[in-house]
Amino acid sequence: MVNDFEKRFVKARKEYIRAQFTHLNEMQQQAVLATEGPLLILAGAGSGKTTVLINRIANLLRYGKGGDSEELNEYADAAALESLEKGDENADFYAALDPVEPWRILAITFTNKAAGELKERLERMLGERANDIWACTFHSACVRILRRDAEKLGFSTSFTIYDTSDTQSLVKRILKDMELDEKMMPPRSVLAEISRAKDSRIGAQEYLSQARASSDFRRVKIGEIYVEYMRRLFAANAMDFDDLIFFTVKLLEENDEVCAYWQRRFRYVLIDEYQDTNHLQYLLASLLSGGWGNICVVGDDDQSIYKFRGATIENILSFENEFKGCRTIRLEQNYRSTSHILDAANAVIRNNIGRKGKELWTNKGSGDLVSVQVADNENDEAQYVASSIMANYGQGANWRDHAILYRMNAQSRPLENAFKRNGIPYRIVGGTRFFDRAEIKDVLSYMCVVATPEDDLRLTRIINNPPRGIGAKSIETLRTLALENNTSMFGIAADADSYAELRTASIKLRLFASMIEELRDFAKKNSLEALLDEILDKSGYLRALEEKDNEENRDRAENVRELKSSIVNYVQETGDDTLEGYLANIALYSDLDNYDREADAVVMMTMHSAKGLEFPWVYIVGMEEGIFPGTRCIGEHEEMEEERRLCYVALTRAEKHLELVCARQRMLFGSTTANRVSRFVDEIPAEHVKKNIPRGYGFSEKPRDLGFAYKSTAQSRHSVAAPSAVKAPAPAASTAFALGDSVRHKAFGEGVITKMTPMGGDYLIEVNFEQQGTKKLMLRAAAAHMEKV
DNA sequence: CGCACCACAATTTTT
DNA sequence: TTGTGGTGCG
């Protein structure tokens, strides 16, 4: 039975600690202070969850469980109580109860970028100590755990990581060797099936036996591929993304002392974006937090948009059942958007059934209406967005305050063209990663082979690149021999003389093998940077690029140089100069990590990539049935709900202005379609919308016969912005503006036309602006925003 | 062996 | 529309 003093002390302590977080709202404070036991934070979009996470960690470091415990510490006497009640300079000391060492905190996020931001904000708030907090992704946490004990799983601690394109090629290779048709067994779906199996913790052998028992031919084949896939990965001392988690779980479950070590270590485990975790990640989380039982997850079921990748909303929905004594806190106040935008988003997501239910609110005021705009075609759409952004820029907005979101990467091209011809700086996030470019993959493959010569996949990529006279035939023979002798292709190549089948190629093979051996020696004694130079030189890769001098190869050489600065950068930032460290880092790197929010440029990306970001102006393009929602989701209830969540995510990116744009007619993948306006637009109540839709194009209305009206796109191409003077073909355009004209541009200010070059029925002009410097513009587009002075 | 040409298919993808 | 992979020729 606690006495009055104890009660009073605990109350004073809790109040004192709470008082340190009054800059947060009531719910946020609760989330920060509920440190002990399982906690589920349902955090709506823009509800300040990162702020909560950071303050929560700060609270843990400063006061430990002081704010959430009935226990007293050893100094709890009358003087301490008085100090707490007054809140004097000693109160901090008395309020602390088991303050946590930073290295006992594990904060898991989904992207490197989110992890980086978390670290940065923690460091700003807590200083040096923040560096010892493990703020990382699931995957990088697993790499760190596995680097210590991979040997217990039979891997070497210098294991490498296969990224998506590596695993694709590996499966393709296996399909070929097993004489299976890629049409019947698309590598993508095979990999998806393997991934699903791993998520359910079904190993290759087990999967195969199950498949055989079910006597489903397709599953048996996939099982055989799975077994072979794992065998080859293991032989190459490599893991794929799922393996990192799969094997970490295995390691922890099968090795009590290892498990105990990590469980003892991590007193507090925090997981962000919990709605995007899969089953395996849930298991890992519960294993790691199993020692102290302090697991805090933050998520939003309405923002779950990666179900197609195995994420399961179940993890959130059943969290309260899985973790007994769990507390749940909802963060529903939104600090990001004005209320028309927020109400629009709320209205759309309300159409989903099977969600926890949550209504965001704001006290920011109503702000602008959501604008809906219909363009004639995809080029008009792009030009409309470009014109609108230029108008904003002309009124003092920054380029970087604008984001354009679309459903798929293929939609970026017309936008890119429009931005180019209007001279608007832009950047595209997503698409092909820098590290996925062929030349980068080549050079990295050299590095991988130097690290692990047994890696047949990477070896195959480079053994005849640049050409060394080792042809497809020799490579096949190598592969067969390696299989027969139960060794790697490198092993055979190094010992090529011993095999009669290789007589013609043996010299070249041994030359290649000894080059790799020399590079391995070199790697042991030199820095990463030096190793890269040595590889480029000794392999002749760079020389081959330079010998055939064309634009493409110059680009490639440039990229290779960029790779070098990436290495220098990595070594500088992490202090790690090891080959395997760098290679792992690269595999876990995404294009989003490249996105620099400071650079003043309009940014375009898919709605998926936009998750977690926010912008004053957001344009969502392609708001059409068949695009968004996509054809594949129409009629599929579950998928439509995921699509709607994606829409919710997209809408809630906007802070002040939100524009939804669609086109009556769109050319995509080479063919033209006429789509109705997206149902999501119709789901927004009229009072939040400023519509500019001609009659006959609403989702609920029948599509109108387009007839000949929109056949001639050339006529209407620039009709949104261009005045009639420039609608005429090129010669007429030259009459409106001429070389040497002084002009005033809506966005760029005053300038002089310094150059005019005819180009495809239009003119490429160069204008020397007083403020912005020289810009290259297409005359037709520019004329709409320019006048002579 | 390397290159040129043609058919083919093509959501979304934090790791 | 673009990128990829397979085939056939020099």
Side-chain angles (χ1 to χ4, degrees), chain A residues 108-117 136-143 161-165 167-169 172 176 182-183 186-188 191-192 195 239-245 272-273 275-278 280-281 303-311 378 405-414 416-417 429-433 435-436 438 464-475 505 508 548 584-593 595 605-613 622 626-633 639 642-643 645-647 649-650 666-672:
Chain A
I108 294 179
T109 61
F110 260 80
T111 59
N112 297 311
K113 202 166 100 54
E117 265 168 30
C136 53
T137 63
F138 267 110
H139 298 267
S140 53
C142 288
V143 170
I161 300 167
Y162 272 26
D163 67 20
T164 323
S165 58
T167 56
Q168 287 247 344
S169 345
K172 281 183 188 168
K176 243 178 237 154
E182 276 191 32
K183 299 258 159 53
R188 278 166 137 277
L191 279 163
S195 176
M239 298 189 200
D240 68 15
F241 289 142
D242 295 319
D243 288 339
L244 292 175
I245 298 172
D272 196 9
E273 306 281 14
Q275 75 282 353
D276 291 331
T277 50
N278 60 28
L280 207 53
Q281 287 164 333
Q303 290 191 68
S304 155
I305 54 174
Y306 286 103
K307 212 176 128 221
F308 71 94
R309 280 178 78 230
E378 76 282 357
L405 309 183
Y406 34 75
R407 180 66 242 264
M408 49 193 162
N409 288 120
Q411 287 171 259
S412 68
R413 196 155 303 270
E416 205 172 341
N417 291 338
V429 177
T432 14
R433 279 189 328 160
F435 294 106
D436 279 338
N464 197 37
N465 179 7
R468 317 190 156 81
I470 303 174
K473 201 66 182 271
S474 312
I475 296 174
K508 292 163 186 161
K548 204 171 163 223
N585 173 272
I586 279 188
L588 299 176
Y589 200 86
S590 84
D591 187 66
L592 202 62
D593 301 325
Y595 166 54
M605 63 181 103
T606 63
M607 302 176 198
H608 281 90
S609 316
K611 177 135 154 248
L613 304 175
I627 303 284
F628 185 47
T631 339
R632 283 171 189 75
C633 312
E639 293 188 40
E642 174 134 328
E643 204 80 346
R645 289 193 293 269
L646 182 59
C647 183
V649 168
R666 176 180 301 273
M667 167 125 86
L668 194 63
F669 301 134
S671 58
T672 304

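The basis for the numbers below is simple: all heavy atoms, side chains too, and nothing from hydrogens, waters or symmetry mates. This structure is a prediction, so every number in the text was calculated from the model and none was measured. Below, chains carry the letters A, B, ... as their sequence lines are ordered, and counting in each starts from 1.
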Residue pair [X] / [Y], side-chain heavy-atom distance below 4.5 Å:
{"X": "A:Met605", "Y": "A:Lys611", "result": "no"}
{"X": "A:Ile161", "Y": "A:Val143", "result": "yes"}
{"X": "A:Arg433", "Y": "A:Asp163", "result": "yes"}
{"X": "A:Ile627", "Y": "A:Leu668", "result": "yes"}

inquiry  = Do the side chains of A:Arg413 and A:Glu378 get close enough for a salt bridge, i.e. N-O under 4.0 angstrom?
reply    = no
B:dT11 glycosidic conformation (syn if within 90° of 0, otherwise anti) is syn
A correct 5'-to-3' footprint of nucleotides 8-15 of chain B, with B, S and - meaning base, sugar-phosphate only and no protein heavy atom under 4.0 Å, is --BBBBBB
| message | Once you apply a heavy-atom cut-off of 4.0 Å, does A:Ile470 come out as touching a base, just sugar-phosphate, or nothing? | response | sugar-phosphate
